[in-house]
Amino acid sequence: MSVWDDLDLLLDSPSSLTVTSATRGTIKEKSGFNASEDAAALRGAMEGIGTTEKTLIDILTQRSNAQRQLICKAYVEAAGGTTLVDDLKGDTSGDFEDALVALVTHPAKFDCQEFIKATKGAGTSDSTLIEMFASKSNRQIKSMSEAYLEDTGRSLMHDLKSEVSGDYGKTLLILVEGKRDESTHVDAAKAKADAKALYEAGEKKWGTDESKFIDILCNRSVPQLRQTLVEYKSVSGKTLQESIESEMSGKLEELLVAIVKCVKSVPAFLAERLYKSMKGLGTTESTLTRIIVGRSEIDLLDIRAEYKKLFGCSLYSAIESETSGSYRETLLRICGEED
């Protein structure tokens, strides 16, 4: 049985969409932290001929993002106006540079940059948009929208509208509002009614009423949806994910399945994304960097555990075999130890 079909422990497990503590991250605040000392050491590592990568990795992977922001401030003062990002871009390159720059960027701003990368140029990277908006909490989406407005002077919603269309676009735009119900109360009767409505909008009729799926999956709270998933299985004999996969297609199917997976377990969903980014020919480094850096203070410990459960090997060993050089070293240090 696939991990996605197992609904047994669903109702009692914690959810990354609602948990606000950082206890499941791999990176913690460093005690005895001194921003000016770190800034000086980073400058020293990049001055002159050659760069001491080890120093960059040691410092930037072992401080929290809030501490890295203080290092950035101290760096500008010490370097007479040059920013840490400028120097990192000048002294490192490729995936290693991208990972270090991601580490020193404020999380909401990093999300904005990933959004811009996914939407600019020819064609939109839908899988990135789906991953980002299905796996983020309301609070993360709101911070990202605020940072986007501050950076570009435009609303993220307005810019996304011109990139997406149809039911898929409609669904993404509802997620971008960041208004999913956050109450922890579960209304069992409503879960039954929703499950029945979903069954009647999909499996039971000729043609599918997508709007019903969109409305329920984008607006109900996580605990409420979990109860609905359990009820749906008893009404239809299939999981909601299986029904979506058989009733729908294309980007809308991909997005709704991602939402259902994230309602069950964001860490398992992201573990799967990491696995897909490393398997087959070539590695999608941008996905690796985005998830490993982006979740390092949220739930990377849980992602590691789910990865092992889903794929039988540790995330650490997968990164070790699929990446190389200083980039590999950076990701491994963020990942923490072997599971």
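Only this structure's heavy atoms are used, side chains among them; waters, hydrogens and symmetry mates stay out.
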Exercise. Got Tyr232 and Thr239 here, is their nearest side-chain heavy-atom distance under 4.5 Å?
Worked result: no
Problem set entry | Ile292/Leu274 under side chain to side chain contact (heavy atoms under 4.5 Å, CB included): CA gap, chis, key distance, verdict | CA-CA 9 Å; Ile292 303 252; Leu274 287 169; 4.1 Å; yes
Problem set entry | Straight-line distance of Thr284 OG1 to Glu322 CD, nearest 0.5 Å | 10.5 Å
Problem set entry | Test item: Glu329 side-chain N/O and Ile57 main-chain N/O as donor-acceptor pair under 3.5 Å | no
Exercise. How many angstroms lie between atom CG of Asp159 and atom CD of Glu163, to the nearest 0.5 angstrom?
Worked result: 8.0 Å
Exercise. Are side-chain heavy atoms of Thr105 and Gln113 found at a separation under 4.5 Å?
Worked result: yes
For this session: Kindly indicate whether the side chain of Asp167, heavy atoms from C-beta on, has any atom under 4.5 Å from the side chain of Met248.
Result: no
Problem set entry | Side-chain donor or acceptor of Ser236 paired with backbone N/O of Lys233 under 3.5 Å | no
Problem set entry | Charged N-O contact under 4.0 Å between Glu77 and Lys73 | no
Exercise. Would you say Val176 and Leu149 are hydrophobically clustered, going by side-chain heavy atoms of ILVMFWY under 4.5 Å?
Worked result: no
For this session: Give the intermediate values and the outcome of side chain to side chain contact (heavy atoms under 4.5 Å, CB included) for residues Lys276 and Thr287.
Result: CA-CA 9 Å; Lys276 287 178 180 159; Thr287 301; over 6 Å; no
Exercise. Are Lys309 and Glu306 close enough for a salt bridge, meaning some N to O gap below 4.0 Å?
Worked result: yes
Problem set entry | side chain to side chain contact (heavy atoms under 4.5 Å, CB included) evaluation trace for Asn34 with Asp38 | CA-CA 6 Å; Asn34 181 320; Asp38 282 346; over 6 Å; no
Exercise. Quick one: CZ on Phe269 to NZ on Lys264, what's the gap to the nearest 0.5 Å?
Worked result: 12.5 Å
Exercise. Would a hydrophobic clustering, with Ile, Leu, Val, Met, Phe, Trp and Tyr connected at side-chain separations under 4.5 Å, put Phe213 with Leu252?
Worked result: yes
Exercise. Heavy-atom count around Glu47 CD within 6.0 Å, excluding the residue itself: above 12?
Worked result: yes
Exercise. Any side-chain heavy atom of Asp87 within less than 4.5 Å of one from Leu42?
Worked result: no
For this session: To the nearest 0.5 Å, tell me how far Gln140 CD sits from Ser143 OG.
Result: 7.5 Å
Exercise. When you look at NZ of Lys238, are more than 12 heavy atoms from neighbouring residues, nucleotides or ligands closer to it than 6.0 Å?
Worked result: yes
Exercise. Heavy-atom distance under 4.5 Å between the side chains of Thr83 and Cys72, does that happen here?
Worked result: no
Exercise. To the nearest 0.5 Å, what is the distance between CZ (Arg24) and CG (Asp302)?
Worked result: 4.0 Å
Exercise. If only atom types and distance count, is the side chain of Asn219 paired as donor or acceptor with the main-chain N or O of Asp215 below 3.5 Å?
Worked result: yes
Exercise. Run the salt bridge (charged side-chain N to carboxylate O under 4.0 Å, His left out) check on Lys117 and Glu114 step by step: do they pass?
Worked result: CA-CA 5 Å; Lys117 266 197 275 184; Glu114 290 296 299; 2.9 Å; yes
Problem set entry | CD1 on Ile319 to CE on Met278, rounded to 0.5 Å | 5.5 Å
Exercise. Mind checking whether Glu97 and Leu88 have side chains closer than 4.5 Å, heavy atoms only?
Worked result: no
Problem set entry | Lys170 vs Glu210, salt bridge (charged side-chain N to carboxylate O under 4.0 Å, His left out): CA-CA, chis, key distance, verdict | CA-CA 11 Å; Lys170 189 172 114 184; Glu210 284 87 358; over 6 Å; no
Exercise. Would Ile141 and Val164 show up in the same hydrophobic cluster when neighbours are defined by side-chain heavy atoms closer than 4.5 Å?
Worked result: yes
Problem set entry | Heavy-atom side-chain contact between Leu315 and Lys308 under 4.5 Å | no
Problem set entry | Under 3.5 Å donor-acceptor, Asn138 side chain and Arg180 backbone | yes
Exercise. Does some side-chain heavy atom of Val104 sit less than 4.5 Å from a side-chain heavy atom of Ile71?
Worked result: no
Problem set entry | Verdict with reasoning, Leu240 to Ile244, per side chain to side chain contact (heavy atoms under 4.5 Å, CB included) | CA-CA 6 Å; Leu240 183 61; Ile244 293 169; 4.0 Å; yes
Exercise. Hey, does the side chain of Arg220 reach the backbone of Asp181 with a donor-acceptor pair shorter than 3.5 angstrom?
Worked result: no
Exercise. Where do Ala271 and Leu310 come nearest, in terms of heavy atoms and distance?
Worked result: CB-CD1, 4.1 Å
Seminar exercise, completed: What one should report as the nearest heavy-atom pair of Ile174 and Cys218 is CG2-CB, 3.5 Å
For this session: Could you tell me whether Lys136 and Asp111 have a side-chain N and a carboxylate O separated by less than 4.0 Å?
Result: yes
Exercise. Is the backbone of Gly178 close enough, under 3.5 Å, to the side chain of Lys142 for a donor and an acceptor to pair up by distance?
Worked result: yes
Exercise. Same cluster for Phe110 and Phe115 if Ile/Leu/Val/Met/Phe/Trp/Tyr side chains link at under 4.5 Å?
Worked result: no
Exercise. Counting only N and O atoms by type, is there a donor-acceptor contact under 3.5 Å from the side chain of Arg68 to the main-chain atoms of Leu103?
Worked result: yes
Exercise. Quick one: which of Asp95, Asp98, Thr289 gives a side-chain hydrogen bond (donor to acceptor under 3.5 Å, both in side chains) with Tyr327?
Worked result: Thr289
Exercise. Nearest heavy-atom pair of Val293 and Ala99: which atoms, and what distance?
Worked result: CG2-O, 4.3 Å
Problem set entry | Check: Thr92 side chain, Lys89 main-chain N or O, donor-acceptor pair, under 3.5 Å | no
Exercise. Does Arg304 reach the main-chain N or O of Cys335 with its side chain, forming a donor-acceptor pair under 3.5 Å?
Worked result: yes
Exercise. In terms of hydrophobic clustering (I, L, V, M, F, W, Y; side-chain heavy atoms under 4.5 Å; direct or indirect links), are Tyr168 and Leu160 co-clustered?
Worked result: yes
